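Worksheet: one structure, shown below.
Here, residue 1 is the first one in the sequence, and each next residue gets the next number. Quantities reported herein were computed from a predicted structural model and do not represent experimental measurements.
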Amino acid sequence: MKSIIEELYYGNIDAKDIALPEKKRKKELDLYDKLKATLSKESDELFEKFIELTDDHYDELMRMIYKRGVSTGIMIAAEAFIEGEKLCD
């Protein structure tokens, strides 16, 4: 088994490659296309700005969730290491 630290260092672990299954993505894109077809030029521009802004916020939220998950995992590991067998009492 390789070291998780080495895997992280060499960039072999990357959560950005996680994607929705193609079937769900297709439904999303079909709905997007239907909506876009109904928009005026001005509405389309506003909608695209909205999509871009929400994408940025979503990326920021995912980073926050990732950081919280890593921090929680480290705290659990630290407590288990410090408390040792007392946790089993």
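With His57 as the partner, the side chain to side chain contact (heavy atoms under 4.5 Å, CB included) test is satisfied by one option alone out of Asp59, Leu53, Leu61: Leu53.
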Report the C-alpha separation of Tyr58 and Thr54 in whole Å, then their side-chain angles, then the decisive distance to 0.1 Å, and conclude whether the side-chain contact (heavy atoms from CB on, under 4.5 Å) test is met. CA-CA 6 Å; Tyr58 182 77; Thr54 56; over 6 Å; no
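At least one side-chain heavy atom of Arg68 sits less than 4.5 Å from a side-chain heavy atom of Thr72.
Here Lys36 pairs with Glu48 in a salt bridge; the nearest charged N to carboxylate O distance falls below 4.0 Å. Ion pairing between a basic and an acidic side chain is recognised when a charged N comes within 4.0 Å of a carboxylate O; Lys26 and Asp30 show such pairing. Ion pair Glu22/Arg25 not flagged as a salt bridge, since none of the NZ, NE, NH1 or NH2 atoms sits closer than 4.0 Å to an Asp/Glu carboxylate oxygen.
Distance check, rounded to the nearest 0.5 Å: CD of Glu28 to CG of Asp33 gives 10.5 Å.
Summarising the hydrophobic clusters (Ile, Leu, Val, Met, Phe, Trp, Tyr; side-chain heavy atoms under 4.5 Å, direct or chained), the residues clustered with Phe50 are Tyr32, Leu35, Leu39, Phe47, Ile51.
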